[in-house]
Amino acid sequence: MAEERIEIPDLRRYTLELLRQIPKGKVTTYRALAQALGDKRAARAVGQIMATNEHLEVYPCYKVVHSDGSVGEYSAPGRTAAKIQKLQADGIPIEDGRVVRLREYVFHPFGTEKPLERLRKLQEELAGRVVREAVLSPKDVRTVGGVDLSYPGPWEGVGAYVSVERGTGKVLAGRTHRCEVTFPYIPTYLAFRELPVLLPLLRRVREEGELADVLLVDGSGVLHHRHAGIASHLGVLLDHPTVGVIKRLLYGSVDVKGMQKGETRPVRDPQTGDVIGMAVKTHERADPLYVSIGHKVSLDLAVRLVLELSGKHKLPEPIRRAHELCTREAHVHRRPKGEGAGEIDAGSAAPASSEPQGTPKKPKKPRQMALDL
DNA sequence: GCGACAG
DNA sequence: ATCTTGTCGC
């Protein structure tokens, strides 16, 4: 079978590049940019991208205001006052922190391929390939893996994989993978942020022969607006059984009041009435988890594994351990508060890294606008 | 008041 | 997810 490939855009860069289309004397809004990306729900992500813009001379993020005309924040030196001054220098009239007659100054018609539209279609196609039945009988599930991510910074991810033996709970393997992340968190598009971290990690795990029989993923499976959460993406792309596990409901309806430990209740698709997941009470005094099919498992098997592997904790062991692993790994490399060229503290926890510190940075060659996975 | 959004 | 001290409850 041909290796599955999927093209994920560098949405951070794509969004920043859009800023250069704004004509002199005009502004735009977070929402307009989100619509240029293909989904107005990405407005907050646009804000995150602007807030971490490191090239103020190249990408004029000061030109982005709220759709009600209020100027909004400016993370660069001078904060909002500086943003207002720059806008006024461009001839934009501002009163009381708002752009006067915004409609006359706002720019909408971006030249764009609306990348998020393509990604939604990709999700729909992938949903059609999800196998909703188990390919193994429960007794043949010997090992269960868990995956999770942590973020040392908004554009840097650490993925972790842990596998445990069913029954004994013995930890069999643990691996992490750290890399740059160029796709922001956008509700319902989580897979495109995390796949570039998890796929390389899990392909390596598989090469090493350490891939567990079933994978528990910290994210939704078919319990998703387009029935294509990250657990399903991973399952289909790896052609491997996966289960989606989330702590907060993304989509679907269920009444979870008064649930007892061990109890489960079906989550239904509001549109069709189909059961697309299960609320699972794994801990007496904790909100339930929401479990769904990722790929090649039945909902029954998914729920059974989650319940069985959730000992005295809310999260099933493989995910809990993967969470610990990547959180710890992220912390070790976490940037100091001020972001800039801060020294990594020489505390005892820091691993002995003997990187040559004096390596001169080469001028960046033009980076790719998309990642092939 | 509306919308509601995993990580 | 991340930023964060102590505090309430079982």
Does dT2(C) have OP1 or OP2 sitting under 4.0 Å from an N or O in the side chain of Ser150(A)? yes

Does Lys247(A) have a side-chain nitrogen or oxygen under 4.0 Å from the phosphate oxygens OP1 or OP2 of dG7(B)? yes

Is there a side-chain contact between Arg248(A) and the phosphate of dG7(B), meaning an N or O under 4.0 Å from OP1 or OP2? yes

SB check Glu263(A) Lys261(A) (cutoff 4.0 Å): no

Can you tell me which nucleotide in dC5(B), dC10(C), dT2(C) comes closest to the side chain of Arg285(A)? dC10(C)

Between Thr188(A) and Arg226(A), does any side-chain donor sit less than 3.5 Å from a side-chain acceptor? yes

Of the listed nucleotides (dA6(B), dC5(B), dA1(C)), which one gets closest to any side-chain atom of His224(A)? dA6(B)

Measure from CZ on Arg44(A) to P on dA4(B) and round the result to the nearest Å. 11 Å

Less than 4.0 angstrom from a charged side-chain N to a carboxylate O is my criterion; do Glu17(A) and Arg20(A) meet it? yes

Rounded distance in Å - CG (Asp218(A)) to C1' (dA6(B)): 8 Å

Looking for any heavy atom pair under 4.0 Å, which part of the strands does Phe183(A) touch: base, sugar-phosphate only, or nothing? nothing

Whole-Å gap separating P (dC10(C)) and NZ (Lys312(A)): 19 Å

Do the ring centers of Phe192(A) and His233(A) come within less than 6.0 Å of each other? yes

Using atom NE2 of His233(A) as one end and atom P of dA6(B) as the other, report the distance to the nearest whole Å. 16 Å

Counting the atoms with a prime plus P, OP1 and OP2 as sugar-phosphate, which does Ile230(A) contact under 4.0 Å by heavy atoms, base, sugar-phosphate, or nothing? base

Would you mind reading off the distance between Leu190(A) atom CG and dT2(C) atom P, rounded to a whole angstrom? 13 Å

Between Tyr290(A) and dA6(B), does any side-chain N or O lie under 4.0 Å from OP1 or OP2? no

Working note: Thr168(A) + Glu165(A), criterion side chain to side chain donor-acceptor pair (under 3.5 Å); need CA distance, chi angles, decisive distance, verdict. CA-CA 6 Å; Thr168(A) 67; Glu165(A) 186 174 52; 2.7 Å; yes

Would you please determine if the base of dG7(B) is stacked by Tyr185(A), with stacking meaning a centroid separation under 5.5 angstrom and planes under 30 degrees? yes

May I have the distance from His331(A) (atom NE2) to dC3(C) (atom C1'), rounded to whole angstrom? 11 Å

When the distance from NZ of Lys314(A) to P of dA6(B) is rounded to whole Å, what number comes out? 13 Å

Whole angstroms only, please: what is the CD-P distance between Glu284(A) and dC10(C)? 13 Å

